[in-house]
Amino acid sequence: MMAFRGLKAIRALFRATQIQEPAYLLGSSRSYTTGISNVAELNNGNVCSSLFHGALPWTSRNAMTLRSSMAVELPMLLSEKRLLSTQVKAPAQARKMGGLTVSMTSPGFIYEPYAPREKMPFFRRWFTRSGWRRTKEEIILELKSAYAIHKLRKSGYSKNLFYKEAVTVYKEINTLLATGDKNTLRKAVTEKMYSELKNEIKQRESIWSKVYWEMVEPIEKIRTLRARVIGVDPKDLEKVFIQITLEFLSKQKFEAYDSKGSVVSGDKSKEVLVRDIWVFEKSLFHPKSFWRLCGRITL
């Protein structure tokens, strides 16, 4: 009798999460999480990246953790497509002022930052109330990612094309960090991220005079952890930003020097396996928009 009630509850749970989108959406996010071991012909160049599992060697791990206190969760009634995304209010400088309209270039926060979830035993997941709640939450999270990736694909992107561009941006940003080129860096990241990276460069330069960084190609692995849609106009579902959280696994070489040219940290003859989790953002309604780094997540 208990098992029969459990099955009825599970059926009701899945009915509650159905949306008016093709069934293949559920598989979209999973297909995006397939790691690739080869990324074709990316830009060359040395890069200075966040070592030691997502934190730069000259910064505190805790300081790198990003939280989204600004995100306001909408009621999760999945009968409408608009509820698979969140709506944000444009900042004052991005609203109409007289006859002038300034476009919003970034929401300024990470919507629902990725965090790994503990595994749940099979019996507890399917035969307890807490397990059913957990299953429902995870289905909703998957639907949000699938919807975001579906929007991305409608704009003309494929998985391989997106991964290729993401690795290119990953390398370019780290190259700019290594050289300390703040002017060019500003164009590759969001405003909030630029402020953080500028402070990191300043802190690093006060300790080390020069930094060597190199990524051994091809990249070991890249996969999607989360995808989200952020709407800026409740009357227009096409005015959205896409945020994609990617995990990079790569072998890197690092060495730091003092003002006399002496090695004070690292060893560029050794390869270190590094895991980075970066959040990329792109507007789907700005002409000629491109992917920019909007945050990094440390687990």
Side-chain angles (χ1 to χ4, degrees), residues 42-69 105-110 113 165-217 219-220 222 243 245-282 290-299:
L42 303 173
N43 293 346
N44 294 324
N46 293 336
V47 190
C48 177
S49 177
S50 49
L51 301 181
F52 310 116
H53 303 283
L56 292 166
W58 54 86
T59 59
S60 165
R61 288 177 61 90
N62 292 333
M64 302 301 297
T65 304
L66 293 165
R67 297 179 177 86
S68 175
S69 59
T105 59
S106 173
F109 67 95
I110 299 177
E165 186 171 354
V167 173
T168 300
V169 175
Y170 176 77
K171 292 178 61 180
E172 288 177 346
I173 289 175
N174 285 301
T175 300
L176 298 172
L177 286 172
T179 59
D181 187 349
K182 294 189 283 288
N183 290 331
T184 309
L185 180 65
R186 182 189 290 272
K187 302 175 184 178
V189 301
T190 62
E191 291 75 10
K192 184 178 179 182
M193 197 69 224
Y194 174 71
S195 179
E196 294 182 17
L197 295 178
K198 183 174 66 173
N199 290 334
E200 288 179 16
I201 292 174
K202 183 177 179 180
Q203 183 180 357
R204 184 202 70 199
E205 290 177 344
S206 67
I207 302 173
W208 300 327
S209 177
K210 184 181 178 182
V211 169
Y212 172 87
W213 188 92
E214 178 187 353
M215 185 176 76
V216 181
E217 296 192 61
I219 193 168
E220 294 292 311
I222 177 173
Q243 289 185 348
T245 302
L246 293 181
E247 177 188 49
F248 298 93
L249 193 65
S250 62
K251 291 181 180 179
Q252 303 177 5
K253 298 178 182 181
F254 170 80
E255 198 166 85
Y257 310 90
D258 61 15
S259 57
K260 298 179 180 179
S262 302
V263 178
V264 293
S265 181
D267 185 350
K268 66 179 182 180
S269 64
K270 296 181 180 179
E271 297 178 357
V272 180
L273 190 63
V274 178
R275 181 194 188 201
D276 280 327
I277 298 178
W278 284 22
V279 184
F280 293 90
E281 178 181 286
K282 182 181 180 181
F290 51 88
W291 289 102
R292 298 192 298 170
L293 175 67
C294 70
R296 296 171 296 179
I297 295 177
T298 302
L299 302 180

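In this text the structure is predicted, and so the values were computed from the model without any measurement.
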I want to check something: taking the side chain as every heavy atom from C-beta on, are [X] and [Y] in contact at a cut-off of under 4.5 Å?
X: Leu177; Y: Leu185; answer: yes
X: Phe248; Y: Trp278; answer: yes
X: Leu246; Y: Ile277; answer: no
X: Met215; Y: Tyr170; answer: yes
X: Lys251; Y: Glu220; answer: yes
X: Val189; Y: Leu197; answer: yes
X: Gln243; Y: Cys294; answer: yes
X: Ser265; Y: Phe254; answer: yes

Open item on the list: I need the minimum non-hydrogen distance between Glu255 and Asp267, along with the two atoms involved.
Closed with: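 Of all heavy-atom pairs spanning Glu255 and Asp267, the closest is OE2-CA, 3.5 Å.
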Task: Closest non-hydrogen atom pair, Ala188 against Ile173 - done: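 In this case the closest contact between Ala188 and Ile173 is O-CD1, 3.7 Å.
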Rounded distance [0.5 Å steps], [atom1] in [X] versus [atom2] in [Y]:
X: Gln252; Y: Leu273; atom1: CD; atom2: CG; result: 8.5 Å
X: Tyr194; Y: Leu293; atom1: OH; atom2: CG; result: 14.0 Å
X: Ser250; Y: Glu214; atom1: OG; atom2: CD; result: 11.0 Å
X: Met193; Y: Ile110; atom1: CE; atom2: CD1; result: 8.0 Å
X: Leu176; Y: Asn183; atom1: CG; atom2: CG; result: 10.0 Å
X: Asp181; Y: Arg186; atom1: CG; atom2: CZ; result: 11.5 Å

TODO: Take Lys253 and Val272 through the side chain to side chain contact (heavy atoms under 4.5 Å, CB included) test and state the conclusion after the steps.
DONE: CA-CA 6 Å; Lys253 298 178 182 181; Val272 180; over 6 Å; no
Task: Under-4.0 Å salt bridge between Lys171 and Glu217 - done: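 Looking at Glu217 together with Lys171, the answer is yes, because their closest N to O distance falls below 4.0 Å.
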Task: N-O pairing of Arg296 and Glu200 below 4.0 Å - done: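 Between Glu200 and Arg296 there is a salt bridge, with a charged N closer than 4.0 Å to a carboxylate O.
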- [ ] Could you list the residues that satisfy salt bridge (Lys or Arg N to Asp or Glu O under 4.0 Å) with Glu247, not counting sequence neighbours?
- [x]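 If we apply the salt bridge (Lys or Arg N to Asp or Glu O under 4.0 Å) test to Glu247, skipping adjacent residues, the hits are Arg223, Arg275.
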- [ ] Determine, step by step, whether Ser106 and Glu281 satisfy the side-chain hydrogen bond (donor to acceptor under 3.5 Å, both in side chains) criterion, reporting the C-alpha distance in whole Å, the side-chain angles of both residues, the deciding distance to 0.1 Å, and the verdict.
- [x] CA-CA 8 Å; Ser106 173; Glu281 178 181 286; 2.7 Å; yes
Open item on the list: I'd like to know whether Trp208 forms a side chain to side chain contact (heavy atoms under 4.5 Å, CB included) with Val264, so could you lay out the CA-CA distance, the side-chain angles of the two residues, the decisive distance to 0.1 Å, and finally the verdict.
Closed with: CA-CA 8 Å; Trp208 300 327; Val264 293; 3.5 Å; yes
- [ ] Look only at the side chain of Thr179 and the backbone of Thr175, and say whether a donor-acceptor pair between them is shorter than 3.5 Å.
- [x]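 A pair under 3.5 Å: yes.
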